[in-house]
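Report on one structure; see the data block that follows.
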Amino acid sequence: MICPIHLLHILASMASLSFLCFFFFFFLSSSVSSHQTLHPYIVYLGGSSSSINGDGREDIKVAESAHLQLLSTILSREDGGRVSLGHVYHHAIKGFSAMLTEEEASLLSGNEEVVSVFPDPRLELHTTRSWDFLEAAGGGGTQSNSQFQHPLSTDVIIGMIDTGIWPESPSFSDMDIGEIPRRWKGVCMEGTDFKKSNCNRKLIGARYYNGYNFMHHSNITANKPTSSPRDHDSHGTHTASTAGGAPVTNASFFGLGWGTARGGSPAARIAVYKACSLESCHGSTILKAIDDAIKDGVDILSISLGMNLFLQADFLKDPIAIGAFHANQMGVMVVCSAGNDGPDPYTVVNTAPWIFTVAASNIDRDFESTVLLGNGIPFKGSAINFSNLTRSSKYPLIYAGNVAADFTPQSEASNCYPGSLNPKKVAGKIIVCVNNYPSISRRIKKLVVEDAGARGLIYISEAEIGNPFDSGDLPFVQVGEGAGLQILEYINSTIEPTATILPAVTVSRIRPAPVVAEFSSRGPGELTENILKPDIMAPGVAILAASIPEKEPGKDPIGKKPSKFGIKSGTSMACPHVTGAAAFIKSMRREWTPSMIKSALMTTASISNNMGQILTNSSGDQANPHETGVGEIWPLKALDPGLVFATTTKDYLHFLCYYGYPEKNIRSLSSTLTFNCPKASSNSLISNINYPSISIGKLNRTHAITVTRYATNVGSPNAIYEAKVQAPPGLWVNVSPKTIVFQEHLAGASFDVSFYGKHAQKGYNYGSLTWSDTRHTVQVVFAVNVV
C-alpha cells in the first residue's frame, strides 16, 4: 500500500514532469513556428547596371526572371509554388522584396550575388514665416535679395517621398510656370480619388504604392483610400509646400500665422511618391520610391522620415541609406530629417555621409494664449487653441490631483493619466495637470480631460514649451513651472477659484531665435562618431504650410470649414526647408553636384541668433554641433561660398571600406568589378573622407591625429585664403598650410588639420577652422572626442 504522502509526492512529480514536457513542446513549437512563419524581407543585390533611359519594361522583366530564379535556389520543392516578388528594384538599385521564412532569408544571405537580406522595417514620419525669418535673421531668404532678382530656373525637380499630396491646394498652382522639362520621365498615376488632370506644370508627377498593404497585411483606414497619390494625412502636403510651394498671400491657420506662405524654391517642380501613411512607412516601399524617383529624373529627394531609433540597422540594411547612396551616384541629392527623439545624445538617425541630415529649430514667431485667473492676474503660455471662452466668462478651476477617480493614486490623476479622473468632479471645470509622467503626452492629456468633460486644460511643464501644442477647439495653455506654481497657490488659497483661457494669438519677433528644438535628435551618430551628425539646422517648430481641407472633429473651430493651411512641428518640417534651399541653389548653380551644394550650405551656415549671440538649445545653454550641426541654413550666402568640399562616390566607397564592409559587397554597390579598398582600412580613417565638417570619435591624449581636406575654389579664380582656428582651451589644432593661393590654373588645393589633446578637457571638444579671403568666410566645424 502506498502511503498518502508518497502518493502526493508521485503526483506532484508527474505534474512537474507534465509541465516540463508541455513547456518543452511549446518552446519547440514556437521555435519551429518562428522559422517557418513568412515575414517581409528586402533582398539587396547592389547597384543596377541597366540603363535608366526608356520605360524600363524589358529591364523589369529580365530583373524579375533573375530574382525568381534566385529565390528558387533556396525554396524547397513543396514551397516552390509560392515563389513571388513584392517590389522589384531595377533602375539604379538592384534587388527585390519578398515573403520569406527566417531560414530562407539566412540561406539567401549566403549567396554570392547578395549584399544583404534584412527584415522590411517600418519607418517613422518625423513629424510662411519661416522663410521670412531666414531672410531677416541672416540675409538668408531665397527671393528678396536684389542681387538675384533675375528669373529663377524652373527646371529643378523636387521629389517628395511622403504621404502624398492634396493637388488642389493653391500652393501647387502652376500659374506663370513654363512647360514641363523634357528630361522628365515620370508619370501621374490615377487612383480612386486622383486624376491625371490633378497634375499640372507645377505638380508634374505623382506615384503611389499599394504593395506594402498586401505584404504586411495592413488594415486600410476607412474613408482614407490608399489607391491614390492623394494625401489624407496632411504630412506630405505640408512638407511639399514647404520645399517648393508657390506663394500664397493671406495664408493662415484660422487667423494664426497670417502672411504669405511659400516654399524655399517656389519655381521648382514637384513630384510626389506616396509611400507612407501617417501610421507607418515600409522600407521596401521607400526603396522602390527612391528607385523610381531616380529613373523619373528628380534633382533632389526630400525624405522626412527614418528608422526607429531602437531599430537602427547598419548602413547596408537601412533602405534609406541604400537608396540614398545610389541616388548620389546618379547625381540626385537626398535630404533627410534627423529624428524627433531629442534632447538625449546618440538619437540622430539617417547618418550616412551621403545623406544631408537636418536638425530642427524655432523661428522668431510663437503662438500664445492667456490664462486669466478669477483674481484678475493673467499668465501667458504656449498654445494653439481656438477657445470660445472670453474674459468675462469664468469657470471653476481645479487641480487634477484633487479630482481623482476612485481607487486612483493622486499622482496619476495630477498627471491626467488615462482613466485617472472622476468625470463627475471634472465636468464643466478647467483642469490643471502637471508633468511628472513624461510618457503621457500632451495629446493624451488633452483626450483624457476632454473625455472627462472638462471645459479647459492648463498644463504645467517646461518640456516642449517652445513647441506650441495644437489643441483644436479645447481651451488649452501650457505654462512654465514658475507660473504654474502661482496658479496652484491661487487654487489652494481661494475658496472658489475660477479662470478662463483666451484664444491663441500670434506673437512675432521672439528672441532669441533660432533655438534648437527640444525634440530634435542629437548626435553623435550611433553607427559612427567619425562623421559629424546632424549636418545642419533649419526651422521646424510651428511651421505654417499647406494642409488637407478635411474635417477632423475637435480639431477645427466650431462652425468653420477646414483650413487650407496647417501648423506642424518636427524635423519633418526642417527637412523640406533644406530641400527648398538646395533646390534654390541648384536653380542658380546647375553644374554643382549634390555634395557641392551640401558643402556650400554647411560652410556658410549661421552660428548666431537674432540677438547676435551664439546659438542656444531649449535649456538656454550654448548649443553644440551635435545639436545644431554646423549651424542654421543661410541660403543666399550659400550661393557664393568661395570654397566647397566635394565628397565623391570614391569617398563614400572608402567610407564603407573603413567601416568594415567586405570588398565584394562594396564592388556590388559601385557596379564596378575594378574597385579595391585602400590597403589601410580602419574606422578611424572615416574622419579623413572629404567632408565639409570634421569629426574624430576618439582622440587619445598621447597621440595626434591628422585629417586632410581638399577645397575646390568656386569663387574668383584668383584668390588668397588665410586659415584661422577657434579651438577650446587645451586642444591644440594646427593647419598646414595656413595660406592657400588659388589661380586660374589651380582651382583646388589640399590642407591638413592636426589635433592633439594632451591638455584638453575629456569628452567632446568643439571648434572651427575658417578660411577667409576678402569676400568669403568658409567655416569648417569640428568635434573631437578626447579620451
Side-chain angles (χ1 to χ4, degrees), residues 254-256 362 364-404 410-411 413-416 421-422 425-436 442 445-446 448-450 452-513 515 518 542 557 618-620:
F254 299 110
L256 294 177
N362 75 340
D364 67 339
R365 180 188 66 197
D366 202 0
F367 302 102
E368 291 183 352
S369 176
T370 300
V371 178
L372 188 61
L373 301 182
N375 60 9
I377 298 177
F379 293 95
K380 294 186 182 299
S382 173
I384 296 175
N385 74 49
F386 304 105
S387 169
N388 60 358
L389 307 186
T390 64
R391 288 181 175 271
S392 59
S393 58
K394 294 290 195 300
Y395 292 86
L397 178 65
I398 195 163
Y399 175 52
N402 296 335
V403 288
Q410 186 186 47
S411 60
S414 64
N415 282 271
C416 294
L421 301 180
N422 186 331
K425 296 180 180 179
V426 169
K429 298 180 176 67
I430 292 176
I431 307 300
V432 179
C433 297
V434 296
N435 184 35
N436 298 327
R442 295 180 292 188
K445 292 178 192 290
K446 178 220 173 191
V448 168
V449 300
E450 272 187 322
R455 196 67 185 85
L457 169 60
I458 299 172
Y459 177 46
I460 302 173
S461 177
E462 296 290 346
E464 293 189 282
I465 198 166
N467 175 20
F469 172 65
D470 181 2
S471 64
D473 58 11
L474 177 75
F476 166 94
V477 64
Q478 179 176 348
V479 297
E481 292 174 359
L485 182 62
Q486 294 181 64
I487 292 171
L488 292 176
E489 286 177 351
Y490 166 72
I491 292 174
N492 293 331
S493 63
T494 307
I495 296 175
E496 293 183 353
T498 61
T500 188
I501 301 174
L502 302 180
V505 296
T506 305
V507 181
S508 299
R509 298 182 178 86
I510 296 294
R511 292 157 70 93
V515 171
E518 182 176 1
S618 54
S619 299

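The figures that follow rest on heavy atoms only: side chains count, while hydrogens, waters and symmetry mates do not.
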query = Can you list the residues that meet the side-chain contact (heavy atoms from CB on, under 4.5 Å) rule with Ala463, with sequence neighbours excluded?
reply = Asn435, Ser461, Glu518

remark   = Those residues at least two apart in sequence (or on a different chain) that pass side chain to side chain donor-acceptor pair (under 3.5 Å) with Asn388 are Arg455

query = Does anything in residues 476-501 pair up under ring pair (Phe, Tyr, Trp, His ring centres under 6.0 Å), and if so which pairs, sequence neighbours excluded?
reply = Phe469-Phe476

message = If I take atom CG from residue Leu421 and atom CG from residue Asn402, how far apart are they, to the nearest 0.5 angstrom?
response = 11.0 Å

request  = Answer yes or no: is there a side-chain heavy-atom contact under 4.5 Å between Asp366 and Pro468?
outcome  = yes

ask   = So how far is it from Leu457 CG to Lys445 NZ, rounded to the nearest 0.5 Å?
value = 8.5 Å

query = Quick one: ring pair (Phe, Tyr, Trp, His ring centres under 6.0 Å) partners of Phe386, sequence neighbours excluded?
reply = Phe253, Phe254

ask   = Residues in side-chain contact (heavy atoms from CB on, under 4.5 Å) with Ile465, at least two apart?
value = Ser382, Glu462, Gln478

Minimum side-chain heavy-atom gap Val449-Cys433 below 4.5 Å = yes

query = Can you tell if the side chain of Phe367 reaches within under 4.5 Å of the side chain of Val507, non-hydrogen atoms only?
reply = no

task = Could you pull out all residues at least two apart from Asn385 that satisfy side chain to side chain donor-acceptor pair (under 3.5 Å)?
result = Ser369

request  = Please report the C-alpha distance between Asp473 and Glu450 in whole Å, then the side-chain angles of each, then the deciding distance to 0.1 Å, and finally whether the side chain to side chain contact (heavy atoms under 4.5 Å, CB included) criterion is met.
outcome  = CA-CA 11 Å; Asp473 58 11; Glu450 272 187 322; 4.3 Å; yes

key: Set of residues satisfying side-chain contact (heavy atoms from CB on, under 4.5 Å) with respect to Leu502, sequence neighbours excluded   = Thr370, Arg391, Thr500

ask   = In terms of heavy-atom contacts, does NZ of Lys380 have more than 12 from other residues, nucleotides or ligands at under 6.0 Å?
value = no

key: Pairing residues for Ser411 by the side chain to side chain donor-acceptor pair (under 3.5 Å) criterion, not counting sequence neighbours   = Tyr437

request  = Could you tell me which non-hydrogen atom of Gly428 sits nearest to which non-hydrogen atom of Pro396, and how far apart they are?
outcome  = O-CD, 3.9 Å

key: Side-chain donor or acceptor of Asp364 paired with backbone N/O of Ala513 under 3.5 Å   = no

Under the side chain to side chain donor-acceptor pair (under 3.5 Å) test, residues paired with Ser393 that sit two or more places apart = Thr390

From Ile431 atom CD1 to Tyr395 atom OH, the distance as rounded to the nearest 0.5 Å = 13.5 Å

query = If you take all heavy atoms of Pro475 and Ile501, which pair is closest and at what distance?
reply = O-CD1, 3.7 Å

remark   = Separation between CD1 (Ile398) and OG1 (Thr498), nearest 0.5 Å, reads 13.0 Å

query = Under 4.5 Å between any side-chain heavy atoms of Asn375 and Thr494, yes or no?
reply = no

query = For the side chain of Lys429 and the backbone of Gly453, is there at least one donor-acceptor N/O pair under 3.5 Å apart?
reply = no

task = Answer yes or no: is there a donor N or O on one side and an acceptor on the other, between the side chain of Asn362 and the main chain of Val515, under 3.5 Å?
result = yes

query = Sequence neighbours excluded, which residues qualify as side-chain contact (heavy atoms from CB on, under 4.5 Å) partners of Val479?
reply = Ile458, Ile460, Val477, Ala483, Ile487

